[in-house]
Amino acid sequence: MRKIIYLVHISVDGFISGPAGEFDWPRMGPELSAYVDELDEGVDTFLYGRVVWQMMAAFWPHAEDVADDPHVRKFAPRWRAMRKVVVSRTLPQPDDDVRVLRGEAIEEVAALKAEPGRDILLTGGTELASHLAAAGLLDEWVIAVHPVVLGGGPRLFTHQKERAGLDLVDTRTLDGRVAVLRYAAS
């Protein structure tokens, strides 16, 4: 069975976005970009909750038109070509070739995980990740800790109510500023 890998950027004080939803603080330097590229090469599906999907869908289809960053130029074509799955009961069907899971999230994601293919990358957000973690469906956590204090916003794993042990698999300092912590389910 393939794995679900959760990739998330957080602040030093544990928030995934700022108090007003700001996500302008992560810095994708060349080393962090290469690390994320390596993760992307091992997956064939990007998985999103509705909120992160709406953010991604607003930017990545035409990202090169608004940003000249090397990471954006490399990732945008990959994002457009990748199979994308969104978990949401309220999202209207996107125009793109996007699969929307509208039923019971845990059951539908478990079925997705059981399908043949390479690993699945769940990017960002907290709600879907929290529910999947609580159900034992996350296999790896890749947490990129950025050197910023946001002072508020959504925290990681807001719905995780039970203790969950993890095994540290890897740590890296990238671009001299971002600590990447990679954990596996115990």
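FYI, side chains are in, hydrogens and waters are out, and symmetry mates aren't considered; it's all heavy atoms of this structure. Quantities reported herein were computed from a predicted structural model and do not represent experimental measurements.
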Once you round to the nearest 0.5 Å, how far does [atom1] of [X] lie from [atom2] of [Y]?
| X | Y | atom1 | atom2 | answer |
| --- | --- | --- | --- | --- |
| Arg99 | Gln93 | CZ | CD | 11.5 Å |
| Asp44 | Leu121 | CG | CG | 11.0 Å |
| Ser130 | Leu156 | OG | CG | 7.0 Å |
| Asp119 | Glu41 | CG | CD | 13.0 Å |
| Ile16 | Thr126 | CD1 | OG1 | 5.0 Å |

Exercise for the section: Name all pairs fulfilling the side-chain hydrogen bond (donor to acceptor under 3.5 Å, both in side chains) condition that reach into residues 176-186, sequence neighbours left out, sorted by first residue then second. Expected result: Glu140-Arg182, Asp167-Ser186
Handout entry: Pairs satisfying side-chain hydrogen bond (donor to acceptor under 3.5 Å, both in side chains), at least one member in residues 17-31, at least two apart
Key =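 Matches after skipping sequence neighbours: none remain.
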Nearest non-hydrogen partners of [X] and [Y], listed with the distance:
| X | Y | answer |
| --- | --- | --- |
| Leu138 | Ala185 | O-CB, 3.9 Å |
| Gly152 | Asp13 | N-OD2, 4.3 Å |
| Gly125 | Ala129 | O-CB, 4.3 Å |
| Leu132 | Leu47 | CD1-CD2, 4.2 Å |

Hey, are the side chains of [X] and [Y] touching, using non-hydrogen atoms and a 4.5 Å cut-off?
| X | Y | answer |
| --- | --- | --- |
| Asp175 | Pro30 | yes |
| Val109 | Leu122 | no |
| Thr45 | Arg2 | yes |
| Val178 | His9 | no |
| Phe75 | Asp40 | yes |

Common cluster, [X]/[Y], ILVMFWY with side-chain heavy-atom separation under 4.5 Å:
| X | Y | value |
| --- | --- | --- |
| Trp141 | Ile120 | yes |
| Ile143 | Leu137 | yes |
| Leu112 | Ile106 | yes |
| Leu7 | Val180 | yes |
| Ile10 | Leu150 | no |

My understanding is that only residues two or more places apart in sequence, or in another chain, count here; which of them pass salt bridge (Lys or Arg N to Asp or Glu O under 4.0 Å) with [X]?
| X | answer |
| --- | --- |
| Asp97 | none |
| Arg155 | none |
| Arg118 | none |
| Arg102 | none |

Completion exercise
side-chain contact (heavy atoms from CB on, under 4.5 Å) filter on Val51, not counting sequence neighbours, yields none
Problem - Non-neighbouring partners of Asp139 that pass side-chain contact (heavy atoms from CB on, under 4.5 Å), sequence neighbours left out - result: Lys3, Ile4, Lys113
N/O donor to acceptor pairs below 3.5 angstrom from side-chain atoms of residues 53-64, sequence neighbours left out:
{"residue": "Gln54", "atom": "OE1", "partner": "Arg50", "partner atom": "NH1", "Å": "2.9"}
{"residue": "Glu64", "atom": "OE1", "partner": "Arg80", "partner atom": "NH1", "Å": "3.0"}
{"residue": "Glu64", "atom": "OE2", "partner": "Arg80", "partner atom": "NH2", "Å": "2.9"}

Mind checking what makes side-chain hydrogen bond (donor to acceptor under 3.5 Å, both in side chains) contact with [X], not counting sequence neighbours?
| X | result |
| --- | --- |
| Asp69 | none |
| Tyr48 | Trp79 |
| Asp37 | Lys74 |

